[in-house]
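Right, one structure below, let's go through it.
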Amino acid sequence: MKGRAQFALVDGNNFYVSCERVFDPKLEGRPVVVLSNNDGCAVARSNEAKALAIRMGQPYFEIRDVLARHDGVALSSNYALYADMSRRMMSVIAQFAPEQEIYSIDESFLRFAGFSHWDLTAIGQQIRQRARQWTGIPVGVGIGPSKTLAKIANHLSKRHADFKAAGVCNLNDLPAWQQVRYFTETAVGEVWGVGPQWRAKLAEADILSVQDLKMADPVQIQRRFNVTLARTVRELNGVSCLPLEEVAPPRQQIIASRSFGGPVTHLTDLREAMASHVARAAERLRKEGQIAGAIQVFIQTNPFKADEPQYHPGLTLPLPIPTDDTARLTKAALWALKRLYREGFRYKKCGVMLLELSPAGQRQGDLFTAATPDRDTRRDRLMALLDTVNQTFGRGTLRLAAEGVAQPWEMRRDRVTPGYTTGWGTLARAT
DNA sequence: TCTGGGGTCCTAGGACCC
DNA sequence: TCTGGGGTCCTAGGACCC
């Protein structure tokens with residue numbers, strides 16, 4: 001194993017909670033959860049909250065009481081803050097390896113090739129130390145010869161008493177028998193790529209632990225499951241099949257959707273919400289330098305209300321000319337919405353997907369509409385202006401009238417913390 | 001009262017082609 | 001009685017991830 005390239009997975013512990021704790025020390029040592037959009041359910045939990053058996057994704061109304069009894073805190077999510085803290089954490093981690101893949105807001109893979117004479121465990125400890133000192137975020141480090149093994153190692157670094165203190169688990173340090181022991185003790189559901197459905201199906205084949213899956217025949221696995229899981233088996237055996245992706249491939253679709261603060265019945269309100277989702281999606285589209293060839297619009301009632309009539313239609317519209325223009329996309333979306341809308345339903349959510357994305361530089365000409373480059377340049381400049389103004393003065397400063405003003409459908413966000421690092425008016429103060 | 005949002009990949013099956 | 005073989009493209013649905 002020693003001669004091969006090695007991977008490290010570095011992630012922030014209970015990331016959103018840790019971000020909040022950096023700026024509010026009163027949260028230390030207490031059960032803390034960060035809630036999803038609309039203050040719906042728990043999406044991050046401190047160790048103290050996990051100890052109270054609060055589950056990932058559990059609805060807020062189910063945990064409110066237990067939190068209150070244990071001096072706990074629930075916070076609305078503050079994504080602007082988490083994104084900024086993520087950027088800082090990632091740049092610190094990047095200093096330790098020649099290659100980094102930012103895999104999610106709180107996780108990154110590092111690849112160490114030609115480091116066989118280095119002590120990667122010691123490097124892992126340095127990463128932890130520096131990330132903590134420079135950003136305030138505690139991180140865990142797992143190291144192994146494939147991404148899947150680095151993931152498992154990261155899991156062991158947090159859950160297993162043997163590594164908890166160090167916070168680093170390097171599989172290369174372990175004698176073979178010991179790795180077998182850890183892998184036998186760890187449930188197969190902890191493997192990256194094995195979710196609840198496959199865990200159940202694997203159990204039918206008596207594959208219960210990480211070790212069982214590692215020992216399985218990849219050909220059999222491919223036949224009974226699919227090629228992805230067969231690849232996972234190879235990765236567990238130290239054969240690296242998943243390369244490091246330093247540059248994120250261009251996005252294939254962009255989704256913007258939200259649940260409403262309460263039920264929405266009128267088309268007028270749906271139109272405003274839809275227009276504001278289109279604006280968000282289009283902004284992301286332009287930031288990516290892409291244009292969309294199709295747009296999909298959907299609305300839905302509340303699936304948790306079993307006694308209410310349910311309706312969740314969608315409509316996909318091909319766009320005659322691919323575009324990144326908010327006004328054109330809005331027009332298409334509202335046209336589709338009008339066709340989907342039925343009176344008599346209590347809607348809970350709506351959204352938009354931008355599809356068939358392609359680079360903006362490769363606009364395909366159109367046989368039937370005379371190209372008028374002049375006009376297009378003006379639209380591009382208009383959109384660029386829109387983005388600049390909104391980036392400088394805040395989202396929604398400049399917007400289409402279709403988005404409305406009062407926005408009664410807005411999501412709940414009752415317990416949000418200040419933009420400690422992301423808003424001039426709310427910067428953290430040292431006193 | 002109250003249950004998130006944003007992504008990717010794979011497979012099966014149908015329509016269609018020669 | 002008896003009805004081919006090989007291919008592509010698209011979509012829906014299902015699985016996974018954080």
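Note that this is a predicted model, so its numbers are computed, not measured.
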Whole Å only: how far is the [atom1] atom of [X] from the [atom2] atom of [N]?
{"X": "A:Gln296", "N": "B:dG6", "atom1": "CD", "atom2": "P", "answer": "14 Å"}
{"X": "A:Glu235", "N": "C:dC17", "atom1": "CD", "atom2": "P", "answer": "14 Å"}
{"X": "A:Glu101", "N": "C:dC18", "atom1": "CD", "atom2": "C1'", "answer": "13 Å"}
{"X": "A:Leu357", "N": "B:dT8", "atom1": "CG", "atom2": "C1'", "answer": "13 Å"}

Pairwise N/O distances under 3.5 Å, protein to nucleotides 9-13 of chain C:
none

(Q) Closer than 4.0 angstrom, basic N to acidic O: yes or no for A:Glu235 and A:Lys147? (A) no
Q) Do A:Asp11 and A:Lys158 meet the salt-bridge criterion of a basic N to acidic O distance under 4.0 Å? A) yes
Q | Sequence-distant partners of A:Tyr79, ring-ring contact (aromatic ring centres under 6.0 Å, His included), two or more places apart | A | A:Tyr16, A:Tyr82
Q | Results of ring-ring contact (aromatic ring centres under 6.0 Å, His included) for A:Phe96 - residues two or more places apart only | A | none
Q | Contacts of type salt bridge (charged side-chain N to carboxylate O under 4.0 Å, His left out), residue A:Arg413, not counting sequence neighbours | A | none
Q | A:Arg271 atom CZ: more than 12 heavy-atom contacts under 6.0 Å | A | no
Q.
Under the rule for side chain to side chain contact (heavy atoms under 4.5 Å, CB included), what residues qualify as partners of A:Phe393, not counting sequence neighbours?
A. A:Val389, A:Thr397
Q | Set of side chain to side chain contact (heavy atoms under 4.5 Å, CB included) partners for A:Asp269, sequence neighbours left out | A | A:Val264, A:His266, A:Pro408, A:Trp409
Q. In dot-bracket form, how is DNA chain C paired, counting a Watson-Crick or G-U wobble pair only if both its distances are under 3.5 Å and using | for bases paired to another strand?
A. ....||||||||||||||
Q: Answer yes if the side chains of A:Thr417 and A:Asn78 hold a donor-acceptor pair under 3.5 Å, and no otherwise.
A: yes
Name the pairs: protein N/O against N/O of nucleotides 2-5 of chain B, kept only if under 3.5 Å.
| residue | atom | partner | partner atom | Å |
| --- | --- | --- | --- | --- |
| B:dC2 | OP2 | A:Lys305 | NZ | 2.2 |
| B:dC2 | O2 | A:Arg64 | NH2 | 3.0 |
| B:dT3 | OP1 | A:Lys348 | NZ | 2.5 |
| B:dG4 | O4' | A:Ser36 | OG | 2.8 |
| B:dG5 | OP1 | A:Ser259 | N | 2.5 |
| B:dG5 | OP2 | A:Ser259 | OG | 3.0 |
| B:dG5 | OP2 | A:Lys349 | NZ | 3.2 |
| B:dG5 | O3' | A:Arg258 | NH1 | 3.1 |

Q: Only one of A:Phe345, A:Tyr341, A:Phe298 passes ring-ring contact (aromatic ring centres under 6.0 Å, His included) with A:Tyr311; say which it is.
A: A:Phe345
Q. Among all residues two or more places apart in sequence or in another chain, which pass the side-chain hydrogen bond (donor to acceptor under 3.5 Å, both in side chains) test with A:Lys349?
A. none
Q) How far, in whole Å, is C:dC17 from B:dG4 if one measures between their C1' atoms? A) 15 Å
Q | Any pair counted as side chain to side chain donor-acceptor pair (under 3.5 Å), so long as it reaches residues 242-257 of chain A, sequence neighbours left out | A | A:Arg251-A:Glu288
May I ask you to say what [X] touches in the nucleic acid, namely base, sugar-phosphate or nothing, with a heavy-atom cut-off under 4.0 Å?
{"X": "A:Ile254", "value": "sugar-phosphate"}
{"X": "A:Arg413", "value": "nothing"}
{"X": "A:Phe225", "value": "nothing"}
{"X": "A:Glu107", "value": "sugar-phosphate"}

Only distances under 3.5 Å count here; give the side-chain donor-acceptor pairs of residues 30-40 of chain A to other protein atoms, sequence neighbours excluded, each with its distance to 0.1 Å.
| residue | atom | partner | partner atom | Å |
| --- | --- | --- | --- | --- |
| A:Arg30 | NE | A:Asp71 | O | 3.0 |
| A:Arg30 | NE | A:Asp71 | OD2 | 3.1 |
| A:Arg30 | NH1 | A:Lys26 | O | 3.2 |
| A:Arg30 | NH2 | A:Asp71 | O | 3.3 |
| A:Arg30 | NH2 | A:Asp71 | OD1 | 3.1 |
| A:Ser36 | OG | A:Gly40 | N | 3.3 |
| A:Ser36 | OG | A:Cys41 | N | 3.0 |
| A:Ser36 | OG | A:Cys41 | O | 3.4 |
| A:Asn38 | OD1 | A:Arg412 | N | 2.7 |
| A:Asn38 | ND2 | A:Phe260 | O | 3.0 |
| A:Asp39 | OD1 | A:Ser76 | OG | 2.7 |
| A:Asp39 | OD2 | A:Ser76 | OG | 3.3 |
| A:Asp39 | OD2 | A:Asp414 | N | 2.9 |

Q | Sub-4.0 Å heavy-atom contacts from residues 190-210 of chain A onto DNA chain C, ordered by number | A | A:Val191, A:Trp192, A:Gly193, A:Val194, A:Gly195, A:Pro196, A:Gln197, A:Trp198
